[in-house]
Amino acid sequence: MNVTLRQLKIFEAVARHLSFTRAAEELFLTQPAVSMQVKQLEGQTGLPLFEQVGKRVFLTEAGREMQHYCRAIMQQLTEAEDVFEKLRGSERGHLAIAVPSTANHLVMHLLAAFIKAHPAVTFAVDVTNREGLLRLLEANECDLAIMGQPPANRELVATPFMDNPLVVIAPASHPLADARSVPLENLRGETFVVRERGSGTRDAMQRLFDAQGWQLPVGMEMASNEAIKQAVEVGLGLGIVSQHTLAVELDAQRIVILDVAGFPIMRRWYIVHRKEKRLSAAVQAFEEFVIHDAAAHWSLPGVAARD
Ligand code: PGA
């Protein structure tokens, strides 16, 4: 077959978006240019790679095969790039990291500290929830992921590097704000603002309520910690969030951490990569930095506030 890498890259973008228009936007090309390259690729395979039903674009069987080989080729190319990068050392290179929004603040601090020592390393950070992290790892679209609860999966190498306590938050005016060792039972009947399905925080909360044989008290569902904190602050309910997401709110005393028996739910942050992934020197340097030095660059918000 006489195909070019450019054709494969264009095909891969169309197959991923199932849209010629979005692929063209992503690649800064015109739509006719994208269609032309796909047509030439189809000329080489002798089979159509896409079919259009109504307004929607689908991969044909040949298209799915092409997507499979295309990913393998791209993967090999990235590996080759990583090998050469390794030969050049850890001072240069690019890191693709996937981060749950819950750990965003923490990871930004770590990146800032790392970049000071490695100014030529560049980063792409994908911020998502636990489900999104698993998808990115599975698709081999990130070098490293930060996770609250890596799956028991032999394909992944997960190293814990920091505690991740989940706490109950309430508006500062809440009647239990100053109470000590509130029994868990007292939270029954409270309204909770909870994270979306697919969130690791929500999973941990679900497990706690399951263990009590209680229904998860979903008063309102929100897809970000920021939204939850704002909802809690104005009295829409209690929230359960990672203590790492609280900083300014505690300092400004807009919300408080309730002292509830059984809390904090103690979890840990892990740094994760795929076992077969060849890590470039820059990626390895960042991983080691996180494992050994994270604690020196970040302190848990609100620790003093609880004591
Ligand atoms: P999340 O956090 O709730 O933002 O998905 C990740 C995790 O705690 O596993």
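Atoms within each ligand, like the ligands themselves, are counted from 1 in listed order. Everything quoted here is computed from the prediction, not taken from an experiment. Counting from 1, the numbers follow the sequence of the chain as shown.
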Audit row: Arg16, Glu12, salt bridge (Lys or Arg N to Asp or Glu O under 4.0 Å) steps and yes/no: CA-CA 6 Å; Arg16 184 159 32 85; Glu12 190 279 329; 2.9 Å; yes

Ring centers of Tyr69, Phe11 separated by less than 6.0 Å: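 No: the rings miss the under 6.0 Å criterion.
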
Quick check for students: name every N or O atom pair between ligand 1 and the protein closer than 3.5 Å, with distances.
| from | atom 1 | to | atom 2 | distance (Å) |
| --- | --- | --- | --- | --- |
| ligand 1 | 2 (O) | Thr102 | OG1 | 3.3 |
| ligand 1 | 3 (O) | Arg195 | NH1 | 3.2 |
| ligand 1 | 3 (O) | Ser199 | OG | 2.8 |
| ligand 1 | 3 (O) | Gly200 | N | 3.2 |
| ligand 1 | 3 (O) | Thr201 | N | 2.8 |
| ligand 1 | 3 (O) | Thr201 | OG1 | 2.6 |
| ligand 1 | 4 (O) | Thr102 | OG1 | 2.6 |
| ligand 1 | 4 (O) | Arg195 | NH1 | 3.1 |
| ligand 1 | 4 (O) | Arg195 | NH2 | 3.0 |
| ligand 1 | 5 (O) | Arg130 | N | 2.9 |
| ligand 1 | 5 (O) | Gly200 | N | 2.8 |
| ligand 1 | 8 (O) | Arg267 | NH1 | 2.7 |
| ligand 1 | 9 (O) | Gly148 | N | 3.4 |
| ligand 1 | 9 (O) | Arg267 | NH2 | 3.3 |

Side-chain donor or acceptor of His174 paired with backbone N/O of Leu176 under 3.5 Å: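 Checked: pair present.
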
Closest approach of Gly93 to Ala282 (non-hydrogen atoms, all atoms of both residues):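 Shortest heavy-atom separation between Gly93 and Ala282 comes out as CA-CB, 4.3 Å.
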
Parallel, tilted or perpendicular: ring planes of Phe289 versus His297, cut at 30 and 60 degrees: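 If you compare the ring of Phe289 with that of His297, the planes turn out tilted.
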
Carboxylate-amine/guanidinium contact Arg135 Glu138, below 4.0 Å: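 The answer is no: the pair does not qualify as a salt bridge.
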
